[in-house]
Structure formats: C-alpha cells, structure tokens
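What you see below is based on every heavy atom in this structure, not just the backbone, and it leaves out hydrogens, waters and symmetry mates.
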Amino acid sequence: MKRNINNILRLGILTLFILSISACDQEDFLENIDKANLSDATQWASDGNADIFLNDVYSQLPNKWNSEENLDYYTDDYNISHYYTSSNWRQGVCIAPSSSTTNPWGGTEGPTERNYSWENFFVYIRKANTFIQKIEENKENFSTDWYNKRMDEAKFLRAFFYSEMFMHYGGLPVITVPLDRNAMTEEELLYPRESFGATFDFIVNELEAIVNNGYLPVKYNAGDGEAGHATIGAALALKGWMELFAAGELFNSGTPYLPDPENIVHFASPRAGLYAQAAATNKKFIDQYGDGQYYELFDDIANFWRAANEYNSEVIWDRQIVANVSGMGANYERRGGPTYVLGQYMTWGNYNPTQELVDEFKMANGKDINDPTSGYDPQDPYVDREPRFYDFIVYDGAPYKLDWMPETDIIYTRIDETYPNPDKTNQIDLAGKTDAGDSGYYQKKKLNPDAPPADDASGQNFVYYRYAEVLLNYAEAQNEAVGPDASVYSAINKIRARGGIPDLEPGLSQEEMREAIRSERRVELCFESKRYHDNKRWKIAEQTMGTQRHNMVIRNTVPSDNSGVWVYSVEEEVKWTAAFNLKQYMTPIPQDVIDQNPKIVQNPGY
C-alpha cells in the first residue's frame, strides 16, 4: 500500500493490451505516434490519451483461464490428488505466509486464484484510483460523455477488484485515493482494515451509484467497439451477488465462526433484510434487463463458452482473451480434460469431478438419483441422465469428440489389468502418481472445442457472471426472504428447461426448495469458480471439505481377461485425508503486511 505510484504513469507497455481491450479504435490510436511515450502532462490531455491508462486498469482483470489451480480445486466438486497448494488446503493445512504470494505449487497459504495476492490487489486499486483522480483534476480536457462513462467504468473496476478480495479476506482497507509515500505522512499511508460491514457497504454503494447514474450501456454485444468494458448489467449483477454472498449464514448470523472482536469477517449485528435486498436487486435485473430485453439464457449451454459465441445473450461480465498471442491466450485445456485422447498424451488430467458432484445431476425425467422412482441403476449409472451430464462430464465409456479431433474417442476410466501399460491410459489413478484422473471422471464443460490443448491456444473470453446466475441468485434470495413463491419456481424452472429437464414439482416447502436451489446451482455453475464461495457463505465447508470425497472405481470380476462383469463401486478418495479447520473459511493475510502496517488485523485463527 505504501508504494510510490509515480512509476505507473509511464505506459509504454500498454500498447500490447490495446489488442484485447478496445477502449479506442486502432485508427484513433495511430493518429498520435507518441502515445507509447506519454508524459504526465500529455497523458491526461485528451480522451484518447487517457484511455490508454484505463486500458492498463482493464489489463489487471484476472485471466482465470490461466491459473495453474482454479478455485474449484478448493471444493468438493474436484478430486485433486496432486502437488498444488490446494492439496495442502484440502488436508486442513493453511497458515499465514511470510510474504505476499500466489504460489500454486505446494504452498500453505490457501487460495489466491493466482491473481489476488495482497500485494497485487493494491496495485490494481492504486491504478484505478490514479485514473479517477487524474481525470477529475483534468476534467476540462475531456468531453462530458467520455468523462461520465469512463469515471463509472473505473469505479466499477475498483468495486470488482474489491469484491474479489472481500470474498477471500473479509474487511479491507478502503482506499479511494492514490497513495504516495513521497508526499504523505505515515498516518496517511497506513490504512486499517474496515469492518466486514463497512467494506460491504462501500462495494454495494459504488455499484448502486453506477447503476443509478445510467452513463454506461446495459450490455455490449459481439462486434461492439467497446465490448469488454464495464456495463450497467455488470454493476447490477455484481451488486446482487454481493448482497446474496453477505447474507449467508457465515457472515450474517450474529455469531462469528471464530472470535472476531474487530468484526472483520462478519456483520457486527445481523442485517435482517439482506436476503430481501438481494432478491430486489436480482429481480430488478430480471424485470428491467432480463428475459430477452438485453439478457436471456443462451439456448445451447454446451456451446456457451465457444469463442464464436462471445457476448451472447447470457454473458454479463467477462475478460477478453486473444488466442495464439503470447500471454493473452488461454491455457485452460492444457491442464484438464481426458489425459489421453486418441492414444496421445494431451493434458495434465487435473479436472476430475467427484462422485458427489456427479450424483447431483438428475435423471432425464428430472428426478434425483436417490428417488426410488427415478429409474437410476447404480450398476448402470450413466444411462438416462439429464442432458447437462453428457455436456459437462466425461465418464467411463463416454464418446468424446471435440471439433479439433479427427474422430470420436471412447474414454475409459475403469481399472483394466489386461492393458499392457495402464499409466498411459485414462483409467483411474487411485494413488495419484500419474497425470491420469483420480476420480473416475473428467471434465468436458468449458473445454475449447476448436483447438487442441496448447499454450495460449484458446481464445474464449473468461466469463465472470452470466444471466443464469442472476436467476439462481434471485431464486435463492427470494426463497430465503419470503419462501417458495411463484417467482422462485419461475426462475429455477427456466434453468431446468434450458437444461432439458422437467419443472420442479409444486408444493415444496422452503427447506425443500432451498435444497433444490442449491442442487440446481451446483450443477448449472459447476467448474465456474462458484462452489467455493457457496460452501463458505452457507457455512457448510465443515461437512463438504471435512469429510472424504468419493470416486467411481470400476473393476471386472475376472480381472485377468475381463470376461466377468464390470462392477461400479463408489469409494472414498485414498491419497489424502480430508480435513477442514474453521479458520480456513477466510484466507490469511501475509505476515509482512502486518509487520509493515500494525493497523492491519489478522483474520481469525491465524
């Protein structure tokens, strides 16, 4: 927080980012050949020059495709028996690091998503604050429309960065001016953490003001010159999510999960109307912008993430990605999906859905698999499942064909003792010693169908928020606020209908609807970095992460020649022993941060 901001005013490095965030078009950019060497005097002399600085703020948006470990590794949706920081975290190991770090390789500091270290966060905030301050100081140089729009874009970016850190750490130092250790006293530089409630209010109030100002467009579509910039839709969706997140039991029960005298990880007293507030915000989005006005569910969820479908009707807020440009493409497919495709090693095999997640997928008739009338057969478990199961999950015997593949492959995860080299197949790796999957399943959802796994090979934008989540957020908030009324059914049934399954049965109690919403949310949003925060806010991680997850292990009764019957056995993961300590609900602050600024209070339990 105490770093000098002056260095960020030299922005020659930004020309690369112009390729992905088009705040001003290429023709305008080329009108001034000196823009790569702007001075502080010329940086703020015109709309176009100032846009280059804002591009750099946009460039700080995390490319979560390229995190070696994504946030779902810290959940019960994946079985990750590897060498990651998440492997330690899943065994209950989480301690405050000595210094700010985003180390994914065997670290012990908990999740940072490779983007949100304490140090990185304040760089992002400093850049946003500098832009806000400078365009205010030089307001006379800018057109009114440009000034109003760009000011709200910068404030949105700042609120977004704060929201991402808030979900991991709780209360934060709320800084709205650029800090300069050459011009400020120590007292001015050293900010304390605000309470959980004050930080929440700052984020939500900033987003509310942006929505009310109305300076931003509601949505950008494919081909729009400023696609990728902040919108009113993004601000309202984020506000609704922040309200739902903070309304959860972990933060809003009046009783902290561990002693919290500074109220940095929970509201000092419960906010009784917060679910109703979240419901109202998400309902406003649905009524004013949803159901086909600006946003609606994209009709083909299996192809939602295809690059050709960027900015489709469901996309609310995303980060632009450019394929085959070093540092700007996506590497997501390199790390997950079937390890071997058509006999060739293709991926690290990391994205291994657990049996717990697979069991959440319904039957084609819409019934849970534990319903005795559903038709589910545990010895033939992949027959007549809902369409999303086949779109999202690679299971034993699954046909696997992406567009870049010359032909269809059949993926087997069963233990086949007749195969001469089992370490070079996709069969389950219970010991976690190879890149083959550890759960009996692989992920298909979100994988690029257009290009084989390679560095920077993918160009799909990373979607932070989409309209399906607004519907799910509304259904949950409204059910918690007033119960399962017709609007709750309507929101959930839209998700189910797009997913290809029948509507929920009528007459559910509030508790039954709560479980239905949570199940639907887990399926619809799986592998989108949502489950971690749901486990947290619902205060269920003690159960979901404190007990062993399960794999599907398939063996033949005559293993010598596979002449017997293939038996499907749901078994506990074996490589690690699951553990969860209450302190793990929030991420620890690096010790050197506290050493440098004694006003910073550590999170409970560390």
Determine yes or no for a side-chain-to-main-chain donor-acceptor pair under 3.5 angstrom, with [X] supplying the side chain and [Y] the backbone.
{"X": "D409", "Y": "L342", "result": "yes"}
{"X": "N426", "Y": "I411", "result": "no"}
{"X": "N282", "Y": "A278", "result": "yes"}
{"X": "K239", "Y": "E206", "result": "no"}
{"X": "N66", "Y": "G329", "result": "yes"}
{"X": "N70", "Y": "D72", "result": "yes"}
{"X": "T85", "Y": "G107", "result": "yes"}
{"X": "R498", "Y": "D299", "result": "no"}
{"X": "Y606", "Y": "I589", "result": "no"}
{"X": "N461", "Y": "V463", "result": "no"}

Would you check if there is a donor-acceptor pair between the side chains of S67 and E113 at a distance under 3.5 Å?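 No, no side-chain donor-acceptor pair sits under 3.5 Å.
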Minimum heavy-atom separation for [X] to [Y], with atom names?
{"X": "I80", "Y": "N350", "value": "CD1-O, 2.8 Å"}
{"X": "E524", "Y": "A468", "value": "OE2-CB, 3.8 Å"}
{"X": "T102", "Y": "S117", "value": "CG2-CB, 3.5 Å"}

Anything under 30° is parallel, anything over 60° is perpendicular, the rest tilted; go ahead and classify [X] against [Y].
{"X": "Y345", "Y": "Y340", "answer": "perpendicular"}
{"X": "H229", "Y": "Y58", "answer": "tilted"}
{"X": "F156", "Y": "W317", "answer": "perpendicular"}
{"X": "F285", "Y": "Y295", "answer": "tilted"}

[X] charged N/C atom sitting above [Y] aromatic ring, 6.0 Å / 45°:
{"X": "R466", "Y": "F304", "result": "yes"}
{"X": "K530", "Y": "Y465", "result": "yes"}
{"X": "K446", "Y": "Y332", "result": "yes"}
{"X": "R518", "Y": "W538", "result": "yes"}

Member of N448, V341, D450 meeting the side-chain contact (heavy atoms from CB on, under 4.5 Å) criterion with W404: V341
Assess the pair [X] and [Y]: is the distance between their ring centroids shorter than 6.0 Å?
{"X": "Y351", "Y": "Y442", "answer": "no"}
{"X": "Y84", "Y": "Y73", "answer": "yes"}
{"X": "F251", "Y": "F200", "answer": "no"}
{"X": "Y124", "Y": "F161", "answer": "yes"}
{"X": "Y78", "Y": "F527", "answer": "yes"}
{"X": "F298", "Y": "Y467", "answer": "no"}
{"X": "W44", "Y": "F142", "answer": "no"}

Pick one: which of D76, T75, D534 meets side-chain hydrogen bond (donor to acceptor under 3.5 Å, both in side chains) with R522? D76
Matching residue for Y74 among E69, Q584, R531, R90 - test: side-chain hydrogen bond (donor to acceptor under 3.5 Å, both in side chains):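 One option only clears the test, and that one is E69.
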Going by an N to O cut-off under 4.0 Å, is there a salt bridge joining [X] and [Y]?
{"X": "R150", "Y": "D51", "answer": "yes"}
{"X": "E153", "Y": "R158", "answer": "no"}
{"X": "R126", "Y": "D180", "answer": "no"}
{"X": "E360", "Y": "R521", "answer": "no"}

Assess the residue pair N79 and D438 against the criterion (side chain to side chain donor-acceptor pair (under 3.5 Å)); give the C-alpha distance rounded to whole Å, side-chain angles, the decisive distance to 0.1 Å, and a yes or no. CA-CA 6 Å; N79 179 350; D438 305 323; 5.6 Å; no
State whether the number of non-hydrogen atoms from other residues, nucleotides or ligands found under 6.0 Å of Y294 atom OH is greater than 12. no
